Protein chains: 4
Amino acid sequence: MAEDGSARERILVAAEELFAELGFDATPTSRIAERAGVPKGLVHYYFRRKPDLLAALVQRLPSGAVDLGQVVVDGDVASSLAELVAVLDARSDASPLLSHLLWREADTHPDVRDALHERHRAVADQVRDVILAAGGPAVADKDVDSAAALVALAVSYRHSVARHSPDDDRLMDRELAFVAGALA
Amino acid sequence: MAEDGSARERILVAAEELFAELGFDATPTSRIAERAGVPKGLVHYYFRRKPDLLAALVQRLPSGAVDLGQVVVDGDVASSLAELVAVLDARSDASPLLSHLLWREADTHPDVRDALHERHRAVADQVRDVILAAGGPAVADKDVDSAAALVALAVSYRHSVARHSPDDDRLMDRELAFVAGALA
Amino acid sequence: MAEDGSARERILVAAEELFAELGFDATPTSRIAERAGVPKGLVHYYFRRKPDLLAALVQRLPSGAVDLGQVVVDGDVASSLAELVAVLDARSDASPLLSHLLWREADTHPDVRDALHERHRAVADQVRDVILAAGGPAVADKDVDSAAALVALAVSYRHSVARHSPDDDRLMDRELAFVAGALA
Amino acid sequence: MAEDGSARERILVAAEELFAELGFDATPTSRIAERAGVPKGLVHYYFRRKPDLLAALVQRLPSGAVDLGQVVVDGDVASSLAELVAVLDARSDASPLLSHLLWREADTHPDVRDALHERHRAVADQVRDVILAAGGPAVADKDVDSAAALVALAVSYRHSVARHSPDDDRLMDRELAFVAGALA
DNA sequence: AATGAATGAGACTTCATTCAT
DNA sequence: AATGAATGAAGTCTCATTCAT
């Protein structure tokens with residue numbers, strides 16, 4: 001009975017934070033209950049076993065394609081990509097630690113791995129679509145797929161390991177400019 | 001006394017494999033002993049605590065700069081980078097799972113994080129040096145740092161998550177070509 | 001769920017007995033569980049770490065001053081002291097092995113040492129008060145503190161090492177008489 | 001290869017110190033070897049099992065009666081007792097921690113218990129002899145045994161728990177004076 | 001629906017002791 | 001005679017999970 005939201009919700013939030021901080025294995029369910037401010041028994045009442053928590057967390061991944069119209073600036077690939085990254089950043093911020101968590105636990109938990117790969121592919125696809133839409137005929141003969149893969153990689157790294165440090169913000173900008181320049 | 005190599009060495013190899021497969025926390029020392037073919041007590045005889053195993057593994061990281069003369073093809077950035085990646089791949093193959101392990105455990109274990117960051121920086125530096133050496137005056141006005149950062153990222157991803165799958169080999173080639181093209 | 005009393009209580013009783021029999025270090029928690037008739041895990045459920053058991057045992061020490069009116073026979077120091085010793089004996093019998101345990105573990109466990117010293121001082125103070133009350137003006141010029149220290153020592157020894165053997169009962173009586181005689 | 005004396009001797013000294021500091025059970029043989037400056041194997045080479053060390057230590061107890069002529073001051077019980085205590089102190093100082101150690105481990109190790117009791121009895125006997133020799137006919141009708149028992153107790157306490165603190169030195173003096181006074 | 005006491009498997013670690021050299 | 005690598009038994013403690021209420 002602490003803070004806000006339903007008990008179930010608070011448990012998920014606590015689990016997300018702790019898994020990301022300590023890792024899945026190193027996080028006791030008792031500690032999740034403690035941070036969520038609920039009795040220990042309730043965690044297993046809602047999520048019979050511990051991996052169920054991870055599964056539930058994966059379900060909550062923000063998904064759905066970004067609306068192209070929202071980010072594409074005709075003829076300006078660099079600005080369009082910057083816009084896309086901003087939208088993806090905002091999404092990631094909504095559940096700040098989840099990306100990180102997934103990256104870490106991808107290996108041991110097949111569910112997580114699949115979700116992570118699907119997401120990565122989706123991001124690469126979106127990057128490609130944005131480049132094609134913004135670049136128009138000018139990029140027809142470029143290797144857009146490689147460009148998209150590199151950008152998607154930079155975004156993943158940013159959301160998982162680097163976490164939008166100011167340094168990383170600058171680097172990201174320059175990388176996007178570099179890629180856009182190559183496509184010009 | 002089973003199989004090959006000294007007991008200490010076999011323990012390290014077993015630990016490296018299991019940590020990479022299951023993660024550090026999820027790997028019991030008993031299982032390391034089992035895979036190494038030694039009694040449980042011997043693991044703690046050589047490595048008092050479990051994290052000491054991780055530390056010893058980090059010590060074994062292949063290090064040292066790649067000889068520029070060995071990989072640089074004058075005037076051909078794409079080939080030079082491909083050559084550099086090949087050398088780094090070979091090194092990584094010498095301790096195939098270690099890169100992966102580092103990436104995963106970077107967060108919870110400060111030693112490991114530092115080693116990982118240092119390595120990442122070193123790779124980016126090497127990539128930059130190769131580009132400068134191979135590209136000559138032609139790349140003087142390009143954003144070589146961004147190019148190097150992207151390539152280093154692709155290399156890291158390749159050595160940790162993707163693990164040189166044929167698909168990844170193809171993608172890597174195209175990414176290198178793309179970056180080299182942008183620098184031409 | 002075996003025998004009588006709450007599980008927590010039975011664990012404490014078992015621990016007290018075993019610590020006194022074998023010593024703190026030489027008593028495995030598993031053996032405490034066994035004697036208490038509870039599963040091993042329950043011992044650590046109630047007392048997270050082993051020293052917590054010792055601390056809990058120290059808490060249970062019978063304490064509080066003896067009522068002077070209850071033991072003092074005016075003008076008869078010997079009888080008064082005998083009465084005091086009888087009351088202290090009865091108290092010690094309520095947790096028969098605890099005194100012994102404290103004496104033994106005093107060195108390695110600071111908590112215990114403090115408790116022991118405090119107790120020892122308290123007993124000496126009581127002895128002195130009884131002597132003063134029973135002796136009246138007759139003892140004003142005697143070294144009552146030394147007398148009290150010697151009696152307190154004899155009591156401690158009796159409760160820890162000697163354990164009220166008939167031999168010790170006789171010796172105690174004579175020692176008290178000797179001290180009382182010296183004060184007459 | 002450190003310090004003085006034969007290896008065997010250094011092992012015994014190290015064991016005595018560590019047993020007294022940490023207790024018998026809590027002292028690893030490896031640590032004894034370390035403090036003695038000898039290889040770990042040597043400890044078990046000289047003393048096959050750990051309790052053998054305790055047994056050897058008990059053998060080394062300073063023993064033999066104190067020469068009465070050396071301490072008795074005719075007609076002065078107080079001075080005689082003070083002299084006796086000084087001699088016993090000096091002996092105890094020769095192996096400063098041994099008394100303490102014995103007291104602690106008496107319970108669990110029958111050898112030790114017996115040695116301790118024998119010693120205690122010997123001290124009480126000596127005290128009685130000194131009182132009789134120094135007091136002469138004047139003490140014939142006193143309870144010398146009780147007096148001796150109390151003094152022996154104070155000496156034991158002093159050598160085991162109190163360890164000659166300045167406070168204890170003062171207390172001891174007064175206790176001896178008190179007892180001597182009672183016998184006058 | 002919710003709770004927290006209870007359980008037991010298993011993790012890490014220590015250490016006396018053995019033994020080949 | 002001396003050594004230090006090697007062993008395995010045992011100890012403390014953690015924790016996911018169950019279950020009676």
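Values below: all heavy atoms of this structure, side chains included; hydrogens, waters and symmetry mates excluded. The chains referred to below are lettered A, B, ... by the order of the sequence lines, with proteins before strands, and numbering in each begins at 1. Computed from a predicted structure; not experimentally measured.
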query = For the pair made of CD1 in C/I11 and P in E/dT7, what is the distance, rounded to whole Å?
reply = 9 Å
Atom pairs, protein N/O to nucleotides 8-12 of chain F N/O, distance under 3.5 Å:
residue: F/dA10; atom: N6; partner: B/K40; partner atom: NZ; Å: 3.0
residue: F/dT12; atom: OP1; partner: C/T27; partner atom: O; Å: 3.4
residue: F/dT12; atom: OP1; partner: C/K50; partner atom: NZ; Å: 2.9
residue: F/dT12; atom: OP2; partner: C/T29; partner atom: N; Å: 2.8
residue: F/dT12; atom: OP2; partner: C/T29; partner atom: OG1; Å: 3.0

task = Describe the nucleic acid contact of D/F47 in one word from base, sugar-phosphate, nothing, applying a heavy-atom distance below 4.0 Å.
result = nothing
task = Starting from P on E/dT3, measure out to CZ on A/R8 and report it in whole angstrom.
result = 15 Å
message = Distance check, rounded to the nearest 0.5 Å: B/R119 atom CZ versus B/S156 atom OG?
response = 8.0 Å
query = Taking atom CG of D/L12 and atom CD of D/Q59, what is their separation to the nearest 0.5 Å?
reply = 11.0 Å
request  = Any chance you could measure B/H44, atom NE2, to B/L53, atom CG, to the nearest 0.5 Å?
outcome  = 8.0 Å
ask   = Checking D/T27 side chain against D/L22 main chain: does a donor-acceptor pair fall under 3.5 Å?
value = no
task = Would you kindly compare A/R48 and A/A26 by the position of their nearest DNA chain F nucleotide and give the one closer to the 5′ end?
result = A/A26
Whole-Å gap separating P (F/dT14) and CD (A/E34) = 14 Å
remark   = All heavy atoms of B/A26 vs all of B/P28, minimum pair found to be O-CD, 3.3 Å
ask   = Got a sec, which residues hit side-chain contact (heavy atoms from CB on, under 4.5 Å) with B/R49, two or more places apart in sequence or on another chain?
value = B/P51, B/D52
task = Whole angstrom is fine here: how far is it from OH in C/Y46 over to C1' in E/dG4?
result = 10 Å
ask   = Closest heavy-atom contact between D/K50 and D/F24?
value = NZ-O, 2.9 Å
key: All salt bridge (charged side-chain N to carboxylate O under 4.0 Å, His left out) counterparts of C/E9, not counting sequence neighbours   = C/R60
ask   = At what distance, to the nearest 0.5 angstrom, does CD1 of D/I32 lie from NZ of D/K40?
value = 10.5 Å
task = May I ask you to verify if any side-chain N or O of C/Y45 is less than 4.0 angstrom from the OP1 or OP2 atom of F/dC15?
result = no
inquiry  = Contact list please: residues 51-59 of chain B against DNA chain F, heavy atoms, distance less than 4.0 Å, in numerical order.
reply    = none
message = Restricting to side-chain contact (heavy atoms from CB on, under 4.5 Å), what partner residues turn up for A/Y45, sequence neighbours left out?
response = A/L42
inquiry  = Between P on F/dA16 and CZ on A/R31, what's the gap in Å once rounded to a whole number?
reply    = 12 Å
remark   = So the stems of DNA chain E, runs of at least three Watson-Crick or G-U pairs (under 3.5 Å), are E:2-21 with F:2-21
note = Distance col, row B/T29:OG1 vs B/E34:CD, nearest 0.5 angstrom, shows 11.0 Å
